[in-house]
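We name chains A, B, ... by the order of the sequence lines, and we start the count at 1 in each one. Excluded from the calculations below are hydrogen atoms, water molecules and symmetry mates; all remaining heavy atoms, backbone and side chain alike, are included.
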Amino acid sequence: MPSFTRSAWERPAETLCVSDRCREIALIRRTHGIADWEKSKTGNTTTTQSVAEVHSHAERENEANRQVRIGAIMADTVGFFTDTTVCIGCKACQVACHQWNDLKNGKGRLSLPVVSGVTLPKLSGDSYDNTGGFSDLNWRHVKFVEQISEDRKNIAWLMMSDVCKHCVNAPCLEVCPTSAILRTEFDTVFINEPACNGCRDCVSACPFGVIHMSTDPEKLVAQKCTFCYDRLQNGLQPACSQACPTQSIQFGKVADLKKKAEKRVEQLHDQGVTKAALYGADDKVLGGLNSFYLLLDRPETYGLPSNPKVPSRNVWMSSLFSIMTAFLTGLGVLFAFREGRRPTLPTQTPTSTTPEGKA
Amino acid sequence: MNPFVVSPDWHWWIIFYFFLGGLSAGVYLIAALIDLVGSEEDRPLARLGYRLAFPLIGVCGILLIVDLERPDRFWHMMFQSEVVHEALEDGDLTLLRYAPLLKWWSPMSIGAWALGLFGACTFLSFFMTFWPVRFLGDTWFGHLFRLGGSGMGFFVASYTGVLLSATNQPIWSISDWIAPLFLTSAASTSISVLLLLGRGVSSETRERLEKADLWALSLELFFFLIFLASLGNLLPSALRTAEGIILVFGTLVIGLLIPLALHLSPGRVNSARYMTAAFAALIGGFLLRYGIVMVAPALLELLAPDEPRELARKLDEITDIPLFFSGTGAVLILAAIILAGAIPLLLRSHWHLAARQTAFAGVLALLMLIGVFFYSLQPLAERRNATLFRSPEDHRERGGGVGASLFNRPDVVRLRSKFNQAK
């Protein structure tokens, strides 16, 4: 068995689990996957039998695992639909994220006041949002967008639980030179920490300001939402969506979520909330966002760019201009120094052959 | 313009890398070109260039590694770490053939390889300068090596600009002209270094070098003006930051106008004047790198405290109104018109250019002017979108090659997971 073909991505995976229930869920997910795969291969429509059959065959489970890994069959693309209209700003999602991922309290790189050796939480002072933003310790961030009337008598909040968008054309994944950022079998974007060397190119590329470098001296790598990859692998939904009490964060297959979202927008429009619109549900924003939003105002109000772009858009043009510049610069040097090859240089009067011929 | 990004904290290490990397690439490419076409009496200059390039790029390598959060993992830039680990653990070194990692669409990935190759070129050239015979002589392989070496120099001098453009940071990602600017600046600063250090070269060689310097400075000036115009209506905002002022005026005045004025002003040309010009160009080249790297985080900080609706209004102003209609735009266009007229004429008188050669310089100046007008009149919102080029990740199947692939990961991704703790 040992050879490179079975290595890394082809070797059957161990199943991570804590309970029989987890294992059961994971198995069912995979067996459904393999059933569909078999169907597409043979055209056989009676696939239900394979679920029971596979149960008794651990090898088939491993094979399914392998097929998911190498992309021969896909686990469903999963994502979040965040309906900001029902977000109450309770931050349960933030707490759940901290708890599951063992994130420490604090603001990461933002400096915090220390009194008698105890780091105090810092109040923003101008908002009820005291988290401030994403950091290496805050992979979820509930935004409180305070909207104060002109006469400053009324205040309204827009609330939104923000997270990594797991973009279809993910800018961070695109630029990562170490291949530490990868697309998982669930179509989510994941940072494989042992491979990251902390070059911070992904930080500069992310149009949403999601990625931050870890302050933990033992890690010092890029940090962001993992979409609870470990939970997905074990058939559980991410911690945040499970914790959300108002179903503002909904987890599911992206295709299903989009249908739900469209219905919800229709409903809101019927109720007269004409500003309600989806952000990232279509492919206009970075080819689509697997974590998309229903917003009640323009994206900028929520701190989201209305037209985020992939970094590679500039590579061709910049390169083209550089080649042109290289040609022009080289021309100058060549012109200046070719003169030296001429046998005599009585005066500075140039002959018309050299530069024009080159140009 | 996207103010919602986070700065990657590329600071002094990177600024010095950009500057010294540009110098190294510049001196090497000039040395290689001189070696390729220059006469025997120019050889000492080429030798000086070769001797400078290798130590400089060595320093650059250290700067880059130190800048990483995990310097011990610097080799991950070029090799798939998980594959290497597996090969070592299994003791099967043949697996290493799967390890090399190159993402051609990621400037940092391609730059890492280019630096390696360039390092090898400079290393060879450096040591061969101590050999009594000219390295590879006049053979076709020698010419090819010099041509390739200068090509690597051009690449290393400019890819850093492409790297900055291939992000989503303000200023960096808005202009496509950072790379050309870095390239011409690398040429002008490296010529300055050669002028300053090449005291032993013949006066004819020095004169040729000064001509090349004049050419590089003029090109850099043109590209700098286009670069400023290409920032659109973000330019006035950039000028509200100290870093923006350093970028614009530091580069323009110290790095370009002072050296050009010293070169082109009438009167006897003496060495003190050229030395001053060279020093000014070097400082200007550094300020250019400093300004470009630091203006992006400064702009983010400038826009951060705005209330959401106020910020949205400002963003509309920046993206929808062309630079042409602002005071800054008017000044820029006026400066561009004056310089587009003056530079070819001054070159003509100083370089004793023939009519056709002056016309060539004039065409370049005209192209610059067209560029400045084009960018000044076009609002940022109308810039081409991501749709012009398909993202390499677009519609890529999971597991379909480097980038999207699951290749560079262990069998089981060991997260700090409750599942693992339970085990």
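B:Thr205 touches chain A through backbone and side chain together, each having a heavy atom under 4.5 Å away. For B:Phe182, no part lies near chain A; criterion is any non-hydrogen pair under 4.5 Å. For chain A, the nearby parts of B:Ala312 are the backbone and the side chain; heavy atoms of each come within less than 4.5 Å. Heavy atoms of B:Leu45 lying under 4.5 Å from chain A belong exclusively to its side chain. The parts of B:Leu68 that come within reach of chain A are both its backbone and its side chain, each placing non-hydrogen atoms under 4.5 angstrom from that chain. Contact of A:Gln99 with chain B is made through the backbone alone, with heavy-atom distances under 4.5 Å. With a 4.5 angstrom heavy-atom cutoff, B:Phe4 touches chain A via backbone and side-chain atoms both. Only the side chain of B:Trp104 comes within contact range of chain A, with at least one heavy atom under 4.5 Å from a heavy atom of that chain. No part of A:Leu320 comes within reach of chain B, as not one of its non-hydrogen atoms sits under 4.5 angstrom from that chain. For chain A, the nearby part of B:Ser7 is the backbone; its heavy atoms alone come within less than 4.5 Å. At a 4.5 Å heavy-atom cutoff, B:Ala216 makes no contact with chain A through either its backbone or its side chain. Both the backbone and the side chain of A:Phe321 come within contact range of chain B, each with at least one heavy atom under 4.5 Å from a heavy atom of that chain. For a residue to count as touching a neighbouring chain, one of its non-hydrogen atoms must lie under 4.5 Å from one of that chain's; by this rule A:Pro171 touches chain B with the side chain only. When heavy atoms are compared at a cutoff of 4.5 Å, B:Leu364 approaches chain A solely by way of its side chain, counted from C-beta outward. Contact of A:Val145 with chain B is made through the side chain alone, with heavy-atom distances under 4.5 Å. Using a 4.5 Å cut-off between heavy atoms, A:Cys176 touches chain B through backbone and side chain atoms alike.
Counting heavy-atom pairs under 4.5 Å between each of B:Phe74, B:Trp177, B:Tyr159 and chain A puts B:Trp177 at the top. Interface check for chain B: of the options A:Cys196, A:Pro207, A:Pro299, the most heavy-atom pairs under 4.5 Å are formed by A:Pro207.
The aromatic ring centres of B:Trp10 and B:Trp172 sit less than 6.0 Å apart. Ring centroids of B:Trp215 and A:Phe335 are separated by 6.0 Å or more, keeping the two rings apart.
Side-chain N/O atoms of A:Asn197 and B:Trp75 include no donor and acceptor closer than 3.5 Å. A donor-acceptor contact under 3.5 angstrom links the side chains of A:Thr215 and A:Asp136, judged on distance only. Using modelled atom types and a 3.5 Å distance limit, the side chains of A:Ser306 and A:Glu300 yield a donor-acceptor pair.
In this view, B:Arg73 satisfies the salt bridge (charged side-chain N to carboxylate O under 4.0 Å, His left out) rule with no residue, not counting sequence neighbours. The side-chain hydrogen bond (donor to acceptor under 3.5 Å, both in side chains) test applied to A:Lys143 returns A:Asp162, not counting sequence neighbours.
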